[in-house]
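Every number for a ligand or one of its atoms is a count from 1 in the order of the listing. Predicted, not measured: the structure shown is a model, and the values here were computed from it.
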Amino acid sequence: MSSIVIINGPNLNLLGNREENIYGNISLDKIKSISIDEAKKLNLNLSFLQSNNEGEIIDLIQNAEKAHKGLIINPAAFTHTSIAILDALRAISIPKIEVHISNIYQREEYRKKSITASAVNGIICGFGYLSYVLAIQAIYSLIEN
Ligand code: DQA
């Protein structure tokens, strides 16, 4: 069974109560259980992680290659600021997908630029929690092909 990891960045632990008009009222725990169900259907083992700390996220990315065949990341606000996360993503060679709950291109100017996107195979954004489900399907096909 192949293993994949989903890494969630800062403030995503607050989903469900956070800016519900933008992110909906689904909690991160619920997204986790939906993601685990989707992974099971594809015979993938899933680790679902969250950190508010940039350095910790970098450690998780650096370690991902040893244990996992694919990585999905929602870098949250670090998407728009972190060259360090970009470099960590560039440093590992497993397939990588960036996800966002909201459509970052419909939002404030400062959210329209993803610094991290150039290091991943593709981005899925704007589908709410379904962005995660679609990303699991996409990473599965990248791993299998
Ligand atoms: C987000 C979009 C980011 O701009 C924001 O900082 C987040 C969540 C999303 O999933 O839509 O925290 O990554």
Side-chain angles (χ1 to χ4, degrees), residues 2-42 44-65 67-143:
S2 298
S3 181
I4 62 168
V5 60
I6 299 184
I7 300 172
N8 291 284
N11 300 307
L12 293 172
N13 54 314
L14 301 179
L15 285 176
N17 301 311
R18 173 190 179 206
E19 298 184 277
E20 289 173 47
N21 55 323
I22 296 169
Y23 301 115
N25 52 17
I26 191 164
S27 67
L28 192 63
D29 265 355
K30 183 73 187 156
I31 295 178
K32 178 179 178 176
S33 75
I34 291 169
S35 297
I36 288 172
D37 286 351
E38 185 63 26
K40 267 191 199 142
K41 284 187 209 156
L42 299 169
L44 293 170
N45 182 55
L46 171 66
S47 294
F48 193 95
L49 310 170
Q50 190 274 332
S51 174
N52 290 326
N53 185 303
E54 187 175 21
E56 209 174 302
I57 292 168
I58 291 163
D59 289 339
L60 293 173
I61 295 168
Q62 288 183 6
N63 291 329
E65 204 168 26
H68 303 288
K69 290 242 167 73
L71 177 148
I72 295 167
I73 186 164
N74 183 346
F78 290 140
T79 306
H80 318 296
T81 62
S82 181
I83 293 169
I85 290 178
L86 166 68
D87 286 348
L89 289 168
R90 276 193 185 157
I92 63 165
S93 56
I94 54 174
K96 289 152 276 184
I97 294 175
E98 179 171 316
V99 296
H100 298 284
I101 294 165
S102 63
N103 180 348
I104 58 172
Y105 302 101
Q106 271 178 352
R107 300 186 61 193
E108 301 94 331
E109 281 307 313
Y110 57 83
R111 288 187 208 275
K112 289 184 181 164
K113 167 88 185 149
S114 169
I115 287 181
T116 45
S118 69
V120 297
N121 296 70
I123 311 179
I124 298 169
C125 78
F127 296 94
Y129 76 88
L130 271 180
S131 293
Y132 286 77
V133 173
L134 296 169
I136 292 165
Q137 293 169 0
I139 205 97
Y140 173 76
S141 74
L142 290 175
I143 291 168

Checklist entry - Under the criterion side chain to side chain contact (heavy atoms under 4.5 Å, CB included), which of Asn13, Leu60, Leu15 is the partner of Gln50? => result Asn13
Checklist entry - Who passes side chain to side chain donor-acceptor pair (under 3.5 Å) against Glu54, sequence neighbours left out? => result Ser82
Next on the checklist: So for atom NZ, which belongs to Lys96, do other residues, nucleotides or ligands contribute more than 12 heavy atoms lying within a distance under 6.0 Å?
Outcome noted: yes
Checklist entry - Are Ile57 and Ile73 close enough, and set up right, to give a side chain to side chain contact (heavy atoms under 4.5 Å, CB included), and what steps lead you there? => result CA-CA 10 Å; Ile57 292 168; Ile73 186 164; 4.2 Å; yes
Next on the checklist: Using 0.5 Å steps for rounding, measure from the CG atom of Asp37 to the CG atom of Leu42.
Outcome noted: 11.5 Å
Checklist entry - How far does OH of Tyr132 sit from CD1 of Ile72, to the nearest 0.5 angstrom? => result 9.5 Å
Next on the checklist: If the criterion is any heavy atom closer than 4.0 Å to an atom of ligand 1, which residues make the list?
Outcome noted: Arg18, Tyr23, Asn74, Ala76, Ala77, His80, His100, Ile101, Ser102, Ile104, Arg107, Arg111
